[in-house]
Amino acid sequence: MKHFGIVGYGAYVPRYRIKVEEIAKIWGKNPEDYKKGLLIREKSVPDVDEDAATIAVSASLNAIEMAGINPQELDAIYVGSESHPYAVKPTGTVVAEAIGATPNLTSADYEFACKAGTAAMQTCLGMVKGGMIKYGLAIGADTSQGRPGDALEYTAAAGGAAYIIGSENVMAEIEETCSFTTDTPDFWRRAGQEYPRHGARFTGEPAYFKHVLSATRMLLEKTGTTIDDYDYVVLHQPNGKFPLRAAKTLGVPKEKITPGLLVPEIGNTYSGASILGLAAVLDEAKEGDRILMTSFGSGAGSDSFSIRVIKKKENKHPVKSYVEKREYLNYGQYAKHRRKIRM
Amino acid sequence: MPHRKSLSLVWRRYPQRYQLIGSKCLTCGTHFFPPRDFCPKCRRKGEIVEQKMKGTGKIHSFTVVRVPQEGFEMEVPYVLAVVELDEGPKLTAQIISVKPDEVSIGMPVKMVFRRISEDGDSGIINYGYKFEKA
């Protein structure tokens, strides 16, 4: 039987971190409010020479290594990010050249706040199923920014994951996927603006919870499954509180959600967030395990996936190795890393 | 920021800067980086083909840059090294994710893909190889 799904995956998280205490100290806030309110301890920070393209390349090279394919076999590369280095010039072109996939392929950049990476996975899956391509590379990578002093500054982090989608040598089958999308003004960044804005009260109920819960319930209905049929559940994680609350509403026991919950230690990696969580779960899942993943992108939409591990492949660069490798920055160094200091 | 006048010059070097693509003489097996299209040993008997380097090697020599050239102010102090690739060729590259006093001659390194420089706020971003501790 032919399986369509993940042939290999790769993760990447920059090594630098800043603690909630360090940010709170600068803005005269109580760090405990954020640590308890957002369930986050620290977030990842990119190096001065890292951006969404370099993160995408690092994750993609890890994915290619696991898949054991020749990059020339990739017929499509889609990069999802809200921090593409160029406003006009696709990140996908830089990635394709750097991993040796050019010139016989199609590529485009995606933007859908935090769910652009899963949208790229759906596109690749559709193209593989339709017989248009042999292998597609779907990437979600971000070096997201929050306005200094804004609540988002405590969570906006950097990282990414890459998935090679195909129908040969599949390690995890994507059994089903579906989406839920509306026009919701919860978070946006206008053209030319450096920092995003958010419609504070829109963030929770009408945005995250409505979309995540609706897409997940739609998937369960479509597949005729219940939460009990899944060994792991990965939900988009803008902070630690939202996915845990959504999981509680869906009746997901804590032990099924925590393996894919990376946000307390690395922050919200935006387009990388749900798929880095999925990578962490794939690192520890056994053959036969079933995973439910639902992403969320402000604006707003959610993509839900039912995934079954069919053949375990070793990850030489596990998510854990990136999460554990950390070097702390003070706020001044962080401001330099994030180019908040004007020269 | 330094203005790179020649966009075509950096573009021509994408294969070597992005993927460490050099060349190799099939007659004597010598690797070249940057690529050469003529083998100085085999002369006319040489046969040159494109060859991608594995991206691993060791530090042959290094220096710590404290007074940077324009465009590298955010990175000082940084380590600039002559890296000897496993295939033999030596190249100059930045060593990252390491403090200057942690670097030593002979230290094994591997290539990473990073931003090197950019042509101001509106110009092209130059990406390429840097190395980190293997």
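These values consider heavy atoms only, across backbone and side chains, with no hydrogens, waters or symmetry-generated copies.
Separating the CD1 atom in A:I133 from the CG atom in A:L105 is a distance of 9.5 Å, to the nearest 0.5 Å. Distance CD1/A:I64 to CG/A:L137: 6.5 Å, rounded to 0.5 Å. B:C42 SG to B:E47 CD: the interatomic distance, rounded to the nearest 0.5 Å, is 10.5 Å.
Residues B:L20 and B:F33 are in side-chain contact: their nearest non-hydrogen atoms beyond the backbone lie under 4.5 Å apart. The shortest distance between side-chain heavy atoms of A:I6 and A:I164 does not fall below 4.5 Å. The shortest distance between side-chain heavy atoms of A:V13 and A:L276 falls below 4.5 Å.
Note on residues 22-41 of chain B: pairs passing side-chain hydrogen bond (donor to acceptor under 3.5 Å, both in side chains), not counting sequence neighbours, are B:T30-B:K41.
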Table up the donor-acceptor pairs between chain B and chain A that sit under 3.5 Å, atom names plus distance.
| from | atom 1 | to | atom 2 | distance (Å) |
| --- | --- | --- | --- | --- |
| B:Q19 | NE2 | A:E97 | O | 2.9 |
| B:M74 | O | A:K336 | NZ | 3.2 |
| B:K99 | NZ | A:E327 | OE2 | 3.2 |
| B:R114 | NH1 | A:D49 | OD1 | 2.7 |
| B:R114 | NH2 | A:Y12 | OH | 3.4 |
| B:R114 | NH2 | A:E50 | OE2 | 3.2 |
| B:R115 | N | A:D49 | O | 3.0 |
| B:R115 | NH1 | A:D51 | OD2 | 2.6 |
| B:E118 | OE1 | A:R339 | NH1 | 3.1 |
| B:E118 | OE1 | A:R339 | NH2 | 3.1 |
| B:E118 | OE2 | A:R339 | NH1 | 3.2 |
| B:I125 | N | A:Y86 | OH | 2.7 |
| B:Y127 | OH | A:D51 | OD2 | 2.6 |
| B:K130 | NZ | A:D49 | OD2 | 2.6 |

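Using a 4.5 Å cut-off between heavy atoms, B:I96 contacts chain A through its side chain alone, with no backbone atom that close. For chain B, the nearby part of A:I99 is the backbone; its heavy atoms alone come within less than 4.5 Å.
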